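Here the structure is a predicted model, which means the values were calculated and not measured. Convention: sequence-line order gives letters A, B, ...; per-chain numbering from 1.
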Protein chains: 4
Amino acid sequence: MQGFLYPRTPSGRAALVPPPPWHYSGDLLTVEYRTDPAKVAALLPAPLNPAPEDPGAVAVIWADWQSCSDSRAELLDPVRSQYKECFVVVRCEFGGRIYSRCVYIWVDKDFAIARGLHQGYPKKLGSIHQTRPHPHGPAPRIEAGARFGATLAAADRRLAEAVVELVEPAQRNGFVNGHPMAHHRWLPGIERGTPDALAQLIASGAASGEAGQPWRGTAELRLFEAPTEELADLTVEEPIGAYYCQVGATWDGGSVLAERV
Amino acid sequence: MQGFLYPRTPSGRAALVPPPPWHYSGDLLTVEYRTDPAKVAALLPAPLNPAPEDPGAVAVIWADWQSCSDSRAELLDPVRSQYKECFVVVRCEFGGRIYSRCVYIWVDKDFAIARGLHQGYPKKLGSIHQTRPHPHGPAPRIEAGARFGATLAAADRRLAEAVVELVEPAQRNGFVNGHPMAHHRWLPGIERGTPDALAQLIASGAASGEAGQPWRGTAELRLFEAPTEELADLTVEEPIGAYYCQVGATWDGGSVLAERV
Amino acid sequence: MQGFLYPRTPSGRAALVPPPPWHYSGDLLTVEYRTDPAKVAALLPAPLNPAPEDPGAVAVIWADWQSCSDSRAELLDPVRSQYKECFVVVRCEFGGRIYSRCVYIWVDKDFAIARGLHQGYPKKLGSIHQTRPHPHGPAPRIEAGARFGATLAAADRRLAEAVVELVEPAQRNGFVNGHPMAHHRWLPGIERGTPDALAQLIASGAASGEAGQPWRGTAELRLFEAPTEELADLTVEEPIGAYYCQVGATWDGGSVLAERV
Amino acid sequence: MQGFLYPRTPSGRAALVPPPPWHYSGDLLTVEYRTDPAKVAALLPAPLNPAPEDPGAVAVIWADWQSCSDSRAELLDPVRSQYKECFVVVRCEFGGRIYSRCVYIWVDKDFAIARGLHQGYPKKLGSIHQTRPHPHGPAPRIEAGARFGATLAAADRRLAEAVVELVEPAQRNGFVNGHPMAHHRWLPGIERGTPDALAQLIASGAASGEAGQPWRGTAELRLFEAPTEELADLTVEEPIGAYYCQVGATWDGGSVLAERV
């Protein structure tokens with residue numbers, strides 16, 4: 001049977017997502033801040049440890065993507081290529097290395113959920129919007145003073161909103177999401193009360209990538225309560241910075257850090 | 001860390017879906033037909049075998065659900081409770097028993113995708129609609145001559161549509177979806193070229209349930225081609241029947257039939 | 001050129017909505033309360049006056065509809081038939097008669113927006129959900145103690161939510177929405193600074209209808225602020241009641257009460 | 001009462017759309033072709049006449065917009081700013097002048113429907129996608145050989161899809177949509193059998209605008225049948241060309257060409 005992910009069939013054509021490598025073009029809007037380090041530590045299951053430096057650092061990142069498999073067919077049927085996401089990243093330590101880790105993430109397409117299953121991103125569906133730069137008319141250029149809005153909602157409730165104002169070109173696009181990702185891949189046992197059927201700690205990152213000139217800016221960020229979300233618990237205690245960057249990347253698998261975790 | 005499914009947190013409140021048992025109220029519209037048995041057999045991975053009797057039987061089922069966990073909180077915030085699905089079921093044999101097996105399924109909410117991950121349903125997102133009975137006005141009553149429409153689309157393409165006309169009360173709600181489900185739970189290895197990290201064959205079915213009076217009817221069913229779907233390959237060679245039934249059910253886990261499959 | 005509403009073509013087939021009569025089957029969940037009568041009066045443009053009795057009464061109504069034209073074709077392609085709405089009704093007086101008037105309304109389909117243009121309902125798009133009764137499983141029956149949730153969101157923000165608990169059968173389904181509707185139909189002049197090109201006060205109501213047994217209950221209602229909404233200004237000062245009712249109705253035009261208003 | 005469009009309130013804050021001027025930044029993907037001129041003529045109600053030259057020319061245009069009012073507040077809450085549309089334009093003659101005319105259009109937001117009411121665009125809701133250029137990764141740059149896909153669906157059916165391949169910079173962005181628009185604004189009489197309450201022929205165009213370098217290319221265009229659409233009747237008899245262009249524009253009202261039409 002063929003098919004990277006379900007459903008598997010003799011041809012594999014119906015699979016929810018084709019096999020990696022997966023290629024991405026996108027715009028990233030990043031807001032970094034410090035919360036209480038204990039709140040970050042509480043989101044790190046064993047065997048992960050808090051990052052030794054700046055352990056309360058959080059990045060909330062909006063991304064507006066076009067993605068495809070090696071065939072690139074998705075790019076010409078863009079309902080299968082375009083998606084938006086908002087994700088929350090912290091850092092952690094394992095085996096003497098620093099990793100980034102996505103603790104919450106919302107996307108707006110099923111193929112993105114499917115990739116997240118494989119990569120260990122805990123994806124939910126959401127409604128995500130971010131201002132796009134444009135060379136004409138009222139939308140912002142990428143320049144000092146340009147302002148970008150970004151919002152996240154899920155289950156008909158707004159969960160987060162940000163306004164980022166660009167200040168100047170920067171050396172890098174923040175630091176919280178700058179490491180390989182350390183993610184758990186969990187699936188509960190099918191029988192009540194049994195252990196997880198899968199419980200892996202895996203690492204992955206871009207196999208290759210390129211980035212345009214990052215811009216540094218200032219941000220207002222607001223997080224809102226919802227009955228089935230815990231994002232607002234990661235309260236903004238101290239702003240760090242905000243960034244805008246356009247990137248291209250390819251993802252092509254990862255490696256297992258630990259089993260039965 | 002708490003949380004039946006991701007994201008896992010100290011409280012578990014943010015988990016995409018609470019732990020089973022899961023409770024359901026819904027309306028089922030079922031169309032059964034025969035396709036070429038070889039097409040069904042081709043969708044049965046090892047160690048499953050074709051059903052010995054009527055091996056080409058297929059059921060396409062639309063369902064309009066309200067679901068909840070034990071807290072029943074979802075029922076009062078219905079964006080978290082209501083969803084629709086269309087799924088395709090065949091039968092198979094394993095270890096001397098007959099099982100039903102869902103080979104394709106589309107739903108319209110993320111919590112339904114999450115449950116499918118656990119239960120082995122190969123869920124994609126779709127747009128699903130079915131006529132609802134109503135006691136007043138132009139919508140149909142549940143009675144002879146009542147007509148119900150049902151449609152499925154995904155990625156902005158219509159994939160299936162049916163019209164079912166009720167004829168008379170029936171003894172049962174079809175037979176193709178009448179067995180415990182035999183489903184694979186697969187997750188690819190994170191490293192390119194490695195075997196699946198999880199590859200289980202599991203069985204599950206309703207822990208308890210009740211059904212209203214099923215109705216038997218006739219159906220027109222049309223299946224449409226799409227670049228990333230194989231549903232239309234299950235061509236209608238011979239109609240069997242169509243059914244309408246309202247049900248309540250509780251699902252509370254399953255059992256492992258085989259590992260490394 | 002044929003076509004009740006745009007686009008008009010030789011056949012009329014592409015029109016956004018077929019001509020009346022329009023037929024409806026639906027479930028209504030109504031919450032009635034009193035706000036400051038001055039807030040209601042402020043929403044009544046000339047030549048309307050406040051209702052002489054109980055001038056601060058407001059009804060917030062959720063409705064889950066299946067609708068169709070005389071051909072009834074929409075019922076079998078239910079994406080063209082089913083829609084949900086949440087609307088806010090007050091009462092007013094004109095020419096010695098009492099009218100109901102919809103001051104805010106959100107729907108989730110374009111054909112419903114189109115009908116609203118004709119009928120003078122000020123429709124926006126929203127995301128609307130309400131618990132449906134069901135004979136099996138966890139969803140409520142229509143009986144004492146049954147609880148129904150209802151929510152409204154627009155532009156990714158929750159605007160209203162209610163929980164209604166049924167108490168007993170009732171004589172009527174509330175009183176605020178019980179009169180013919182008095183609505184303005186406005187379209188601005190195309191040239192900047194010119195008067196409205198259309199400014200009619202019209203009256204309409206169901207041409208015929210039937211209702212099931214209404215139930216009376218109690219409600220919790222919460223209204224939320226949003227930058228482009230004024231619903232939350234209609235603060236709940238005193239609850240009146242809540243109702244559940246299933247109805248069928250036909251709408252077939254209205255009459256002009258006043259021009260150039 | 002304030003409010004450019006409904007609902008009108010003392011503050012005008014809840015109005016579905018603020019008053020013009022409306023400002024736009026967007027990407028246009030245009031496919032021009034010739035159909036049977038009689039099919040175009042059949043879509044031109046009195047007092048419009050077919051264009052004397054190339055009367056069968058049709059443009060199908062996809063647009064990916066960010067729009068705002070003078071406050072520009074919508075740009076920072078992009079769910080209220082961003083929308084996509086697909087529209088079909090022909091040419092016509094009135095009073096010795098050539099006009100463009102939109103005969104079909106689909107958008108994905110309610111504020112865009114509202115503007116269309118005012119401007120005479122016959123807007124329905126649809127699901128619209130088009131490939132966006134990007135400086136990094138697999139998405140196309142704006143250069144020779146770049147390929148852009150575009151799709152349109154409504155009511156869960158795909159209605160149109162195109163692939164445009166860029167060839168070279170061009171002098172202009174096509175010619176079919178290059179004139180002021182001549183649009184009817186119709187609203188039926190509220191009483192059955194009465195004439196339209198509003199039936200204006202209006203003209204409008206951009207009050208100001210700027211455009212980037214247009215690119216010329218080749219296109220494949222496919223149109224699909226649907227029960228409530230007539231787009232596919234405008235069969236492609238002869239390709240003319242295809243274009244990609246980024247634009248900024250401001251719209252600020254129009255003028256009445258004729259009343260009671």
> Given that the side chain runs from C-beta out, which part of C:Ala226 has a heavy atom under 4.5 Å from chain D: side chain, backbone, both or neither?
Replying inline: backbone

> Of the backbone (N, CA, C, O) and the side chain (C-beta and beyond), which part of C:Ile113 lies under 4.5 Å from a heavy atom of chain D, both, or neither?
Replying inline: side chain

> Between NE2 of D:His183 and OH of C:Tyr6, what distance do you get to the nearest 0.5 Å?
Replying inline: 12.5 Å

> Using a cut-off of under 4.5 Å for heavy-atom pairs, which of C:Pro45, C:Gly193, C:Ala203 has the most such pairs with chain D?
Replying inline: C:Pro45

>> Need one label for D:Ser204: side chain, backbone, both or neither, based on atoms under 4.5 Å from any heavy atom in chain C.
In response: neither

> Checking C:Pro21 against chain D: side chain, backbone, both or neither under 4.5 Å from a heavy atom?
Replying inline: both

> Given a strict heavy-atom distance threshold of 4.5 Å, which part of C:Leu117 is in contact with chain D: side chain, backbone, both, or neither?
Replying inline: both

> Are any non-hydrogen side-chain atoms of C:Asp252 and D:Arg192 less than 4.5 angstrom apart?
Replying inline: yes

>> How close do D:Lys124 and C:Pro7 get, counting heavy atoms only, and between which atoms?
In response: CE-CD, 3.8 Å

> Between D:Leu125, D:Val79, D:Asp156, which shows the greatest number of heavy-atom pairs under 4.5 Å with chain C?
Replying inline: D:Leu125

> Considering all heavy atoms of both residues, which atom of C:Pro227 and which atom of D:Arg80 are nearest to each other, and what is their separation?
Replying inline: CB-NH2, 4.1 Å

>> What I'd like to find out is whether the side chain of C:Leu187 reaches to under 4.5 Å of the side chain of D:Leu187, using heavy atoms alone.
In response: no

> Which one, D:Gly12, D:Gly120, D:Gly253, D:Ala197, leads in non-hydrogen pairs under 4.5 Å with chain C?
Replying inline: D:Ala197

>> A side-chain contact here means heavy atoms from C-beta on lying under 4.5 Å apart; do C:Val256 and D:Glu191 qualify?
In response: no

> How about C:Pro188 and D:Leu5: do any of their side-chain heavy atoms sit closer than 4.5 Å?
Replying inline: yes

>> Please classify the contact of D:Gln200 with chain C as side chain, backbone, both or neither, using a heavy-atom distance under 4.5 Å.
In response: side chain

> Checking heavy atoms, do the side chain of D:Leu16, its backbone, both or neither come under 4.5 Å from chain C?
Replying inline: both

> Who wins among C:Pro19, C:Ala155, C:Ala114 for the most heavy-atom pairs under 4.5 Å with chain D?
Replying inline: C:Ala155

>> Using modelled atom types and a 3.5 Å cut-off, is there a donor and acceptor pairing between side-chain atoms of D:Arg13 and backbone atoms of C:Glu229?
In response: yes

>> Can you tell me which portion of D:Pro18 sits under 4.5 Å from chain C's heavy atoms? Options are side chain, backbone, both or neither.
In response: neither

>> Any salt bridge linking D:Arg157 with C:Asp77? Criterion: basic side-chain nitrogen under 4.0 Å from a carboxylate oxygen.
In response: yes

>> Need one label for D:Tyr104: side chain, backbone, both or neither, based on atoms under 4.5 Å from any heavy atom in chain C.
In response: side chain

>> What part of C:Trp106 gets within 4.5 angstrom of chain D, counting heavy atoms only: side chain, backbone, both, or neither?
In response: neither

>> With a 4.5 angstrom heavy-atom cut-off, is it the side chain or the backbone of C:Arg185 that approaches chain D, or both, or neither?
In response: side chain

>> If you count heavy-atom pairs within less than 4.5 Å of chain D, which of C:Ala73, C:Ala46, C:Cys102, C:Gly189 leads?
In response: C:Gly189

>> Between D:Asp110, D:Asp233, D:Leu231, who has the most heavy-atom pairs with chain C when the cutoff is under 4.5 Å?
In response: D:Asp110

> Can you find a heavy atom in the side chain of D:Leu43 that is under 4.5 Å from one in the side chain of C:Pro10?
Replying inline: yes

>> Which atoms of D:Ala154 are under 4.5 Å from chain C, going by heavy atoms: the side chain, the backbone, both sets, or neither?
In response: neither

> Taking all non-hydrogen atoms of both residues, which atom of C:Asp196 and which atom of D:Arg8 are closest, and how far apart?
Replying inline: OD2-NH1, 2.8 Å

>> Looking only at the side chains, is there a donor atom on one of D:Glu230 and C:Thr9 sitting less than 3.5 Å from an acceptor on the other?
In response: yes

